[in-house]
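Since this is a predicted model, take the numbers as computed values, not measurements. For ligands, and for the atoms within them, numbers begin at 1 and follow the listed sequence.
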Amino acid sequence: MEVKSDDGLFQDAIGRLDAASAYAKIDQEALERLKYPKAILQVSIPLRMDDGSLKMLTGYRVRHDDARGPTKGGIRYHPDVTLAEVKALAFWMTCKCAVVGIPFGGAKGGIKVHPKELTPLELERLSRGYIRRVADFIGPETDIPAPDVYTNAMVMGWMMDEYSKIQRQHCPAVITGKPIPLGGSEGREDATGRGAYYCIKELEKIRQLKPEKTRIAIQGFGNAGRHAARLLHQDGYKIVAVSDSKGGIYNPDGFDVPSLIHFKNKTREVKAVYCKGTVCEIVEADAITNEELLELNVDILIPAALENQVTEHNAPKIKAPVIVEIANGPTTPEADEILTSSGALIVPDILANAGGVTVSYFEWVQNKSGLYWPELEVQDRLKQIIAREFNALYGMSSEKDISMRTAAYAQALSRIGRAIEAKGTQTYYTNHK
Ligand code: GLU
């Protein structure tokens with residue numbers, strides 16, 4: 001990852017606002033408000049290790065803006081977590097929720113930790129410890145966390161349980177992405193990958209893509225990347241390259257994705273395999289680095305790992321005409337400009353990965369109503385939202401000759417602007433003296 005100074009990632013993130021505001025209906029005052037997170041909490045979490053020693057870890061929760069509803073966003077566990085990163089991620093959540101029109105603002109949390117070095121018991125103690133520190137800052141009507149990089153349903157379950165103990169009542173709506181028996185929603189597990197898949201299905205209609213002739217490279221084989229790969233492969237798309245944090249594999253003829261997933265689940269490794277039942281055989285493939293994966297000659301590139309992967313240094317070498325951003329913030333502003341002016345279509349993160357938070361919203365609604373929906377209903381509602389917004393943004397970008405990213409920010413700004421203005425801005429007060 002490219003190292004940016006201090007607040008760099010957040011400044012880059014909000015830097016998108018001014019350009020997009022030219023295409024949005026938003027009061028200057030409302031625009032200014034979005035450049036400042038509403039509240040930031042930094043905590044120190046004492047973690048008792050299995051060997052009896054004590055480790056102090058740093059965690060964050062940032063609530064960016066709640067004009068449109070309670071704030072919403074995941075919690076990531078990663079050794080590179082910084083406050084600037086969490087602020088940027090919270091800002092993207094505000095925009096993402098507005099882009100898909102769900103009634104939430106944006107937030108994000110993180111703990112600077114290497115989760116793969118912890119035992120399951122240490123992970124549980126850490127997750128519960130984090131909630132004890134942030135319990136007054138979150139809540140079903142104020143700020144609702146969810147999974148993100150290296151956190152999962154189990155972690156959400158522990159967190160919900162800890163919060164419920166503190167409140168002395170069952171509080172499933174405080175967190176989403178929970179295990180289904182603890183109030184999780186059907187269809188939440190694959191929702192992020194599925195949202196990106198629905199974007200590609202809409203593009204398939206517009207550009208008359210032929211799945212069997214469309215080669216796709218996916219950087220990152222975590223929850224979102226894996227499910228996107230599975231759904232696209234099911235429809236006949238050729239997944240020719242995948243990678244995880246250790247490196248990737250490439251085969252121009254395409255991989256048998258269910259085999260890759262089976263092997264990754266079992267061994268945590270991305271390897272070129274073909275499995276029959278539980279028996280896997282190594283198949284031919286080239287070992288490639290994460291950097292090489294981005295530069296492959298493919299039709300669709302899906303960055304599904306971390307931010308700042310596509311930079312001004314590698315953007316000129318990227319050959320894919322379509323980039324679907326499943327990761328949050330994978331493309332730097334400089335790279336975005338290079339790629340957009342060379343004619344690439346970028347389906348921006350705040351739309352392409354919004355499936356996760358959309359189904360999180362459904363989970364929250366189900367928790368609050370106590371009525372649970374079948375998986376097909378969840379998928380159908382998700383599809384309607386993603387297809388509607390994809391087509392609106394694609395249309396706006398062609399009509400106004402702007403990138404889909406600028407269109408997405410303009411859409412988000414108009415929606416957030418309306419909520420802020422409804423409470424009154426200078427324009428209102430000076431006109432109603
Ligand atoms: N972490 C996911 C994201 O970045 C999901 C957030 C949520 O469900 O609240 O969109």
Side-chain angles (χ1 to χ4, degrees), residues 9 13 60-66 68-78 81 85-111 134 138-140 142-153 155-157 159-160 172-179 183-185 187-196 199 220 222-228 303-307 324-330 347-367 378 381-382 385-386 389 408 412:
L9 199 60
Y60 304 97
R61 185 75 188 165
V62 174
R63 301 183 62 205
H64 173 259
D65 179 76
D66 64 354
R68 301 182 60 260
T71 51
K72 184 87 193 79
I75 299 170
R76 70 171 52 179
Y77 290 177
H78 197 279
V81 162
E85 181 192 36
V86 180
K87 281 164 67 182
L89 289 160
F91 163 77
W92 286 323
M93 286 308 305
T94 301
C95 300
K96 194 185 299 184
C97 293
V99 161
V100 282
I102 59 175
F104 287 139
K108 202 80 174 197
I111 303 179
V134 304
I138 61 171
T142 49
D143 177 28
I144 305 134
D148 196 74
V149 173
Y150 294 148
T151 53
N152 57 21
V155 171
M156 298 304 112
M159 289 183 165
M160 186 278 278
V174 70
I175 204 158
T176 58
K178 300 177 292 293
S185 174
R188 176 63 184 85
E189 188 61 27
D190 72 2
T192 309
R194 184 173 287 276
C199 288
N223 172 294
R226 237 178 275 189
H227 285 295
L306 293 169
E307 54 272 8
V324 180
E325 297 181 336
I326 290 190
N328 286 303
V347 184
D349 48 3
I350 55 173
L351 170 68
N353 72 26
V357 74
T358 303
V359 176
S360 275
Y361 165 53
F362 299 158
E363 181 172 330
W364 181 78
V365 167
Q366 293 171 78
N367 292 152
V378 170
R381 286 177 186 262
L382 173 64
I385 291 179
I386 298 290
E389 300 302 338

Item to check | Partners meeting side-chain hydrogen bond (donor to acceptor under 3.5 Å, both in side chains) with Trp364 (sequence neighbours left out) | outcome: none

Next on the checklist: For Asn152, give me all partners under side-chain hydrogen bond (donor to acceptor under 3.5 Å, both in side chains), at least two apart in sequence or on another chain.
Outcome noted: none

Check ligand 1 for N or O atoms under 3.5 Å from a protein N or O and list each pair with its distance.
{"unit_1": "ligand 1", "atom_1": "1 (N)", "unit_2": "Pro147", "atom_2": "O", "d": "2.8"}
{"unit_1": "ligand 1", "atom_1": "1 (N)", "unit_2": "Asp148", "atom_2": "OD1", "d": "2.8"}
{"unit_1": "ligand 1", "atom_1": "4 (O)", "unit_2": "Lys96", "atom_2": "NZ", "d": "3.1"}
{"unit_1": "ligand 1", "atom_1": "4 (O)", "unit_2": "Lys108", "atom_2": "NZ", "d": "3.0"}
{"unit_1": "ligand 1", "atom_1": "4 (O)", "unit_2": "Asp148", "atom_2": "OD1", "d": "3.4"}
{"unit_1": "ligand 1", "atom_1": "4 (O)", "unit_2": "Asn328", "atom_2": "ND2", "d": "3.1"}
{"unit_1": "ligand 1", "atom_1": "8 (O)", "unit_2": "Arg188", "atom_2": "NH2", "d": "3.1"}
{"unit_1": "ligand 1", "atom_1": "8 (O)", "unit_2": "Ser360", "atom_2": "OG", "d": "2.6"}
{"unit_1": "ligand 1", "atom_1": "9 (O)", "unit_2": "Lys72", "atom_2": "NZ", "d": "2.8"}
{"unit_1": "ligand 1", "atom_1": "10 (O)", "unit_2": "Lys96", "atom_2": "NZ", "d": "2.6"}

Checklist entry - Less than 4.0 Å between a side-chain N and a carboxylate O, is that true for Lys108 and Asp148? => result yes

Checklist entry - Any chance the side chains of Asn223 and Glu189 put a donor and an acceptor closer than 3.5 Å? => result yes

Item to check | For Tyr361, all residues meeting ring-ring contact (aromatic ring centres under 6.0 Å, His included), sequence neighbours excluded | outcome: Phe104

Next on the checklist: Check this for me: does any side-chain nitrogen of one of Glu307 and Arg76 sit under 4.0 Å from a carboxylate oxygen of the other?
Outcome noted: yes

